[in-house]
Peer 1: 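Okay, here's the structure, questions in a sec.
For ligands, and for the atoms within them, numbers begin at 1 and follow the listed sequence.
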Amino acid sequence: MALGARLPLGLALLAALIAVLLQLYRLRKPRLWTLEELSIYNGTDEGLPILLGILGSVFDVTKGRSHYGPGGGYHHFSGRDASRAFVSGNFTGDGLTDSLQGLSSMEVNSIVDWRKFYVERYIFAGKIVGRYHDSEGNPTKYLKGVEMKAKRGAQLLEKQKREEDKIPSCNSKWSEAEGGEVWCETGYPRLVRRPGDIALTGQVSQRCACFQERELGRPGLVVYQGCDYHSTSCIVK
Ligand SMILES: *[C@@H]1O[C@H](CO)[C@@H](O)[C@H](O)[C@H]1NC(C)=O
Ligand SMILES: *[C@@H]1O[C@H](CO)[C@@H](O)[C@H](O)[C@H]1NC(C)=O
């Protein structure tokens, strides 16, 4: 005789209830992944979903198989957390890492923006235990540091935008035959550093902006090489 038949009805109901609750709990609790487990969901096996990690969060990108599957432009991101590559564009060897060491705050902010993109368009599928989440799935110090750095990057970007709204950018054109030219309808072209931090490449971001006569004494304005102080257009080599 089966054991179940002997159980009082109340107890059986209770057991069923507990089973349902456990199931609900499992559904609510995001699944925790190791990088090794994640690695088989890289799109090569058509029977498996395609998963991608970014900042330790996992997303199901199966509906984007043409991009994330083999041969797709984003295939490098599948089955791993290659957060750094979202800004470095380095998809070879150690370039495919989740380490953000040495990136500027604006670059880190750009990766956080990418995560937002996945949150909005794809299905969240859990967290990776490692650099960004501990074995309980809680954010690590590293993740908190990244979030803070991204916030600073976002502020710098805001500042950059405000400044660029105040001082218009130069017009510009470029052709293979004639090279580049920048010019201003009103004011004088000057090369200026954008507010912001130094990028991974070591390059500071610059732009051409049109300054009025009375502003030309400001520090940090560079006259284009070979261009007259009061010229309204300059050839760019
Ligand atoms: C890609 O996934 C397949 C199984 O789906 C696995 O055999 C293969 O090792 C994975 N490739 C990498 C680079 O992890
Ligand atoms: C990509 O990253 C690896 C490891 O950091 C480095 O050795 C390689 O030079 C990088 N490639 C490019 C194109 O930056």
Peer 1: Indicate yes or no: does an N/O atom of Ile40 lie under 3.5 Å from an N/O atom of ligand 1?
Peer 2: yes

Peer 1: Please confirm whether Trp33 and Tyr41 have ring centers closer than 6.0 angstrom.
Peer 2: yes

Peer 1: Measure the spacing between CG of Leu51 and OH of Tyr68 and express it to the nearest 0.5 Å.
Peer 2: 12.0 Å

Peer 1: Atom 12 (C) of ligand 1: which of Asn42, Leu35, Leu38 has the nearest heavy atom?
Peer 2: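 The option holding the nearest heavy atom is Asn42.
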
Peer 1: Return a yes/no value: protein heavy atom under 4.0 Å from atom 7 (O) of ligand 1?
Peer 2: no

Peer 1: Does any N or O of ligand 1 fall below 3.5 Å from an N or O anywhere on Thr44, backbone included?
Peer 2: yes

Peer 1: Pull out every atom of ligand 1 sitting under 4.0 Å from any heavy atom of Ser39, numbered as shown with elements.
Peer 2: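 Taking each heavy atom of Ser39 in turn, ligand 1 has 1 (C), 2 (O), 10 (C), 14 (O) under 4.0 Å.
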
Peer 1: If you compare all heavy atoms of Arg207 against all heavy atoms of Ser169, which two are closest, and at what distance to 0.1 Å?
Peer 2: NH1-OG, 2.8 Å

Peer 1: Is Arg194 salt-bridged to Glu164, cutoff N-O under 4.0 Å?
Peer 2: yes

Peer 1: Has Arg190 got its NZ or CZ under 6.0 Å from the middle of the six-membered ring of Tyr229, at an angle within 45 degrees of the ring axis?
Peer 2: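 Yes, Arg190 and Tyr229 form such a contact.
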
